[in-house]
Amino acid sequence: MEKSGNWLVKLGVALLVAYTLGFVLFALTLPQAPATLPRADGIVALTGGDARLDAADKLLENHAAKRLLISGVNPGTTKADLKKIAHGGRRFDCCADLGFRATSTHGNADEASGWVRHHGYNSIIVVTANYHMRRSLNEFAADMPGVRLVAYPVDPQGLDLDGWWHDPHALHLLNSEYAKYLASLVITRFVHSG
């Protein structure tokens, strides 16, 4: 009985060490925006911060893609409202679509998948916060196998993730996102393997 208890303690410690090392690696290697303008058929911006919308609109205005989907828009928000928030340019009126169904990252992937199929796109630029990018790409890849995904991460406004280890808010945000990312990996593998 005592050996069994020791084995469980050792397993628990090993899992804690693995989680901690994975988290540190996750936090130290947050994705960065590409140095050159990416190109794809479409752009999908996930709501959750003005910086995401600004970046997506700049990509659209610089002809990085044909159209933009803003996924997860509050149903009470109009296109004119979002154009102001995103500092939308001339192409925003003709080439930006709003998705109102998504309420989660999985919902964003589902909403984007339908939009991609509707337009017959083979590649999209995904715009979201740098800490949220890995989970988003995992969800999008699971819903859109065969579609080339180009990451365009943005730094979240008002949050310095470079010094995450001494900022309780940043540490909590990154730990929460890492846990969600691990759960997303398990769920997408389980759902799409059977």
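If you're wondering where the values come from, they're calculated on a predicted model, not measured in any experiment.
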Please examine the side chains of L159 and D167, heavy atoms only from C-beta on, and report whether any two atoms are closer than 4.5 Å.
-> yes
Interatomic spacing from CG in N74 to OG1 in T103 - rounded to 0.5 Å | 11.5 Å
d(S184 OG, H106 NE2) to nearest 0.5 Å is 9.5 Å
Backbone N or O of L53 within a donor-acceptor pair of the D57 side chain at under 3.5 Å?
-> no
Report yes if the distance between the aromatic ring centroids of W164 and F26 is under 6.0 Å, otherwise no.
-> no
Can you name the closest pair of heavy atoms from A45 and A56 and give their distance?
-> CB-CB, 3.6 Å
Is it true that L28 and L173 fall in one hydrophobic cluster, defined by side-chain heavy atoms closer than 4.5 Å?
-> yes
Do we see a donor-acceptor contact under 3.5 Å between the side chains of T188 and R135?
-> no
CG on L182 to CD1 on I187, rounded to 0.5 Å = 11.0 Å
Check step by step if salt bridge (charged side-chain N to carboxylate O under 4.0 Å, His left out) holds for R101 and D110.
-> CA-CA 9 Å; R101 287 191 350 257; D110 184 57; 3.2 Å; yes
For L25, does its backbone N or O pair with a side-chain atom of T29 as donor and acceptor, under 3.5 Å?
-> yes
Residue pair W165, L171: steps toward the side-chain contact (heavy atoms from CB on, under 4.5 Å) verdict | CA-CA 6 Å; W165 58 89; L171 182 61; 5.8 Å; no
Do the side chains of W115 and L60 join up, straight or via other hydrophobic residues, at under 4.5 Å, putting them in one cluster?
-> no
d(L59 CG, L68 CG) to nearest 0.5 Å is 8.5 Å
Without swapping roles, check the side chain of R91 against the backbone of E61 for a donor-acceptor pair under 3.5 Å.
-> no
Could you tell me whether the side chain of D41 and the main chain of A65 form a donor-acceptor pair under 3.5 Å?
-> no
Decide whether L185 and L174 are clustered together by the hydrophobic rule: side chain heavy atoms of Ile, Leu, Val, Met, Phe, Trp, Tyr closer than 4.5 Å, transitively.
-> yes
Residue pair P38 / Y152: nearest heavy atoms and the distance that separates them = CG-CD1, 3.8 Å
For the residue pair V150 and R39, what are the closest heavy atoms and their distance?
-> CG2-O, 4.4 Å
Least distance between heavy atoms, L161 atom then P156 atom | CD1-CG, 3.9 Å
Say whether Y131 and D155, considering side chains only, have a donor N or O and an acceptor N or O under 3.5 Å apart.
-> no
Please lay out, stage by stage, how K66 and Y121 fare under the test side-chain contact (heavy atoms from CB on, under 4.5 Å).
-> CA-CA 10 Å; K66 300 168 194 166; Y121 290 161; 3.8 Å; yes
Are more than 12 heavy atoms from other residues, nucleotides or ligands located less than 6.0 Å from atom NZ of K79?
-> yes
Does one hydrophobic cluster hold both L30 and Y19, with members joined at side-chain heavy-atom distances below 4.5 Å?
-> yes
H118 atom NE2, neighbour heavy-atom count above 12 within 6.0 Å = no
Rounded distance [0.5 Å steps], CG in L149 versus CD in E139 | 12.0 Å
Under 3.5 Å, side chain of N108 to main-chain N/O of A102, donor-acceptor pair present?
-> no
Answer with yes or no whether the hydrophobic clustering places V147 together with I125; edges join I, L, V, M, F, W, Y residues whose side-chain heavy atoms lie under 4.5 Å apart.
-> no
State, without any angle test, whether D81 and T78 hold a side-chain donor-acceptor pair at a distance under 3.5 Å.
-> yes
With a 3.5 Å cut-off and no angle check, do the side chains of E111 and S71 form a donor-acceptor pair?
-> yes
For A86 and F92, which heavy atoms make the closest approach, and how far apart are they?
-> CB-CE1, 4.3 Å
Donor-acceptor pair, R52 side chain versus V127 backbone, under 3.5 Å?
-> no
Just by distance, do the side chain of T77 and the backbone of V73 share a donor-acceptor pair under 3.5 Å?
-> no
Do R189 and N138 get their side chains close enough for a donor-acceptor pair, meaning under 3.5 Å?
-> yes
Hey, does the side chain of T128 reach the backbone of L46 with a donor-acceptor pair shorter than 3.5 angstrom?
-> no
Exactly one of V116, L69, I43 clears side-chain contact (heavy atoms from CB on, under 4.5 Å) with I124, and that residue is V116
Between the CE atom in M144 and the CG atom in L137, the distance rounded to the nearest 0.5 Å is 9.5 Å
